[in-house]
Amino acid sequence: MNNEQVAEVLNDIAEILEIKGESKYRIRAYQQAARSIEFMPEDIEEVYHEGHLDDIPYIGKSIAEKVADVLEHGRASYLEELEESIPPGIDSLLQVPGIGPKTAVRLYQELGIDTIEALRIAAEEHRIRQLKGMGEKSEENILKGIKWLQGKSPRLPLGAAAILVERILEQLRRDPFVRNLVVVGSYRRVETTVGDIDIMGTSDRPETVIDLFTSLPDVDRIMAKGTTKATVLAKNGVQTDLRIVPHESLGSLMQHFTGSKEHNVQLREFSLSKGLSVSEYGITNTRTGWRIPCAVEEQVYSILGLQYIPPEIRQGSGEIEAAAAVKLPELVTQPDIRGDLHTHSKWSDGRNSLEEMALAARDRGYRYLAVTDHSPGLGIAHGLTLERLRRQWREIDELNNRLKGITLLKGSEVDIRADGSLDLPDDILQELDIALGAIHSGMNESGSRMTERVLRAMHNPYLNILVHPTGRLIGRRSPYDIDLETVIRAAVDLGIILEIDGTPDRMDLDGRHARRAKELGAKIAVNSDAHQASGLDNMHFGVGTARRGWLEKKDIVNTVSLEELRRFLFGRRQRNQAA
DNA sequence: GCCGTTTTCGGCCCGACTGTTTTCAGTCG
């Protein structure tokens with residue numbers, strides 16, 4: 001059972017308690033516990049076997065018992081009892097906006113409604129208005145809500161959102177009065193998917209920006225439009241908000257709308273203990289009632305006596321305690337990255353020539369770029385035969401002689417075969433500057449076989465990096481069934497670097513696993529896995545993911561100079577050859 | 001149900017909106 005699965009059980013318990021009208025604090029306790037487990041770096045099974053469940057924040061005696069039950073039996077008898085105590089189907093009503101647990105229960109008890117379809121019919125037949133406190137308007141809203149629910153688009157992958165966001169920002173900046181445009185919400189926190197896009201800014205003439213925004217070519221439909229705020233539906237179906245706010249409270253508003261919700265709740269609780277109350281309008285002294293609006297976000301944290309907490313780690317997973325103790329890590333930044341160690345060219349399945357890739361890398365300030373086209377076994381990606389690989393080396397040599405300011409490294413993304421062997425012979429691997437190992441086939445193997453397979457590959461003395469270690473494709477393919485804890489430990493023992501692949505539909509490792517890898521002492525490479533020159537910019541998502549994993553410059557290998565990198569990569573081979 | 005350099009009991013984020021209501025409960029982000 002992994003952390004996400006255990007968290008889901010606790011969230012399910014919370015949902016049923018809500019329907020049952022339990023104390024909201026009891027419900028919150030389960031939700032907080034679920035979040036703790038979801039975001040903590042450690043493996044929940046391991047923590048349990050070491051007997052340290054109660055060390056996890058928001059897990060006390062009672063919830064620890066439920067977690068133990070889940071881990072021991074693969075199910076929670078408490079959840080099963082709860083499920084039997086409520087009519088099935090009633091929780092589905094909660095999906096309809098405007099319907100919460102109280103209303104759902106009344107709809108069931110007084111009208112026997114337990115499906116969304118039954119709810120729709122009841123609203124159309126005007127039976128909802130029989131209920132006390134419900135009227136004509138309520139029925140309309142329910143029907144509207146159901147319609148919205150049926151047409152609502154799923155969360156958008158971050159990469160797709162980024163394209164839209166960049167285009168919108170570029171056009172809004174043409175308004176000469178607009179200032180401080182910033183995207184907040186899950187986009188700013190570099191979550192893997194976003195539900196909607198929330199943009200904020202200041203302007204001396206809000207109306208003109210709002211007009212510009214609502215008339216953009218990307219807008220499909222205007223949902224709401226006022227003088228300082230508008231909501232539109234973009235053509236790709238994602239809801240996008242723009243709000244123009246007063247200069248003097250921009251920082252408070254940014255902080256509030258960046259979230260996460262759990263971070264804000266914890267921040268406000270922390271503030272109360274210091275006699276301060278935080279809201280989107282400022283910070284109020286609860287004794288004097290004086291309120292200070294914050295123009296910049298840093299102010300919010302500094303007034304509370306906290307280190308500035310970067311958006312990527314605002315998850316409610318220990319960042320406030322760390323900030324209070326002045327123990328936040330100094331997160332890696334994009335300029336720390338000196339080169340990209342995972343890229344493709346026309347030689348295999350990329351779109352640009354080696355020279356184009358090299359120049360694009362140099363433009364981005366990099367000093368080195370590893371060319372890592374696919375190995376021969378990956379026919380579908382036009383993997384390089386040994387003969388073509390040697391020809392590619394000649395081209396790399398020629399470019400390295402000719403181009404100034406950037407060095408290409410001879411690399412390969414070598415397929416890890418079903419038996420764990422590598423798709424290039426050792427004598428070839430030995431001649432490479434850098435070898436990446438990747439799984440591209442047989443992804444449905446059982447966990448133990450998958451783990452064995454990867455471990456065997458990691459024992460090859462010439463392998464340097466295990467790339468996209470879980471193989472997930474966000475929204476399309478689950479991670480392989482692999483024991484990451486074991487893989488991370490092996491990486492530390494064997495000197496294998498683990499990758500954070502910045503392709504936005506991969507972001508693999510994810511933040512939580514990256515944080516765990518750091519904790520266990522593994523080295524990380526943050527790469528773009530670019531298949532064309534513009535793809536090098538996917539480094540942004542890789543760095544964002546690294547930051548979500550609390551990683552610092554020193555945890556990441558491609559923040560060092562070329563000389564240091566070569567020493568590091570070579571060191572492993574020498575050690576292994578000596579041994 | 002969890003938590004504590006003011007507390008082991010008495011707290012538990014903040015504000016806005018909505019609809020139906022004479023003062024507020026429920027819902028949402």
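Letters A, B, ... are given to chains in the order of the sequence lines, protein chains preceding strands, and every chain is numbered from 1.
Side-chain N/O atoms of A:His263 and A:Gln315 include no donor and acceptor closer than 3.5 Å.
Residue-level contact check: A:Ile27 touches neither bases nor backbone, having no heavy atom under 4.0 Å from any strand. A:Glu139 comes within 4.0 angstrom of nothing in the nucleic acid, heavy atoms only. Among the protein residues, A:Phe257 comes within range of no part of the nucleic acid, since none of its heavy atoms lies under 4.0 Å from any strand. In this structure, A:Ser271 reaches neither bases nor backbone, as no heavy-atom distance under 4.0 Å exists between it and the strands shown. A:Lys24 comes within contact range of no nucleotide atom at all, as no heavy-atom separation falls under 4.0 Å. As judged by a 4.0 angstrom heavy-atom cut-off over every strand, A:Arg291 is placed among residues touching the sugar-phosphate backbone only. Backbone-only engagement by A:Ile59 is indicated by non-hydrogen atom pairs under 4.0 Å involving sugar-phosphate atoms exclusively. A:Asn141 comes within contact range of the sugar-phosphate backbone alone, with a heavy-atom separation under 4.0 Å but no base atom that close.
As rounded to the nearest Å, B:dT18 and B:dC13 have P atoms that lie 25 Å from one another. Between B:dT21 and B:dA16, the distance separating the two P atoms is 25 Å to the nearest Å. With both ends at atom C1', the span from B:dG10 to B:dG15 equals 24 Å, rounded to whole Å. Nucleotides B:dT5 and B:dG1 place their P atoms 23 Å apart, quoted to the nearest Å.
Ranking B:dG26, B:dG1, B:dC14 by closeness to the A:Ser279 side chain, first place goes to B:dC14. Closest to the side chain of A:Lys137, from the set B:dG1, B:dG19, B:dG15, is B:dG19. Among B:dG29, B:dC13, B:dC2, the nucleotide with an atom closest to any side-chain atom of A:Arg28 is B:dC13. Comparing atom distances between the A:Ser23 side chain and each of B:dG1, B:dG26, B:dG15 picks out B:dG1 as nearest. Residue A:Lys102 places its side chain closer to B:dT27 than to any other of B:dC13, B:dG15, B:dT27. With B:dC3, B:dT20, B:dC13 as the candidates, the nucleotide lying closest to the side chain of A:Ser138 is B:dT20. When the nucleotides B:dC14, B:dG1, B:dC12 are ranked by their closest atom to the side chain of A:Glu269, B:dC12 comes out on top.
For B:dC2, the OP1/OP2 oxygens have no side-chain nitrogen or oxygen of A:Tyr58 closer than 4.0 Å. Contact annotation: A:Arg26 side-chain N/O to B:dG1 OP1/OP2 distance is under 4.0 Å. In terms of phosphate contacts, A:Tyr281 brings a side-chain nitrogen or oxygen within less than 4.0 Å of OP1 or OP2 of B:dA16. The phosphate of B:dG4 (OP1 or OP2) has no side-chain N or O of A:Ser273 nearer than 4.0 angstrom.
With DNA chain B read from its 5' end, the first of the two nearest nucleotides for A:Val265 and A:Ile56 is the one closest to A:Ile56. Looking at which nucleotide of DNA chain B each of A:Pro101 and A:Gly135 is closest to, the 5′-most match is held by A:Gly135.
Under a cutoff of 6.0 Å and an axis angle of 45°, A:Arg243 and A:Phe257 form a cation-pi pair.
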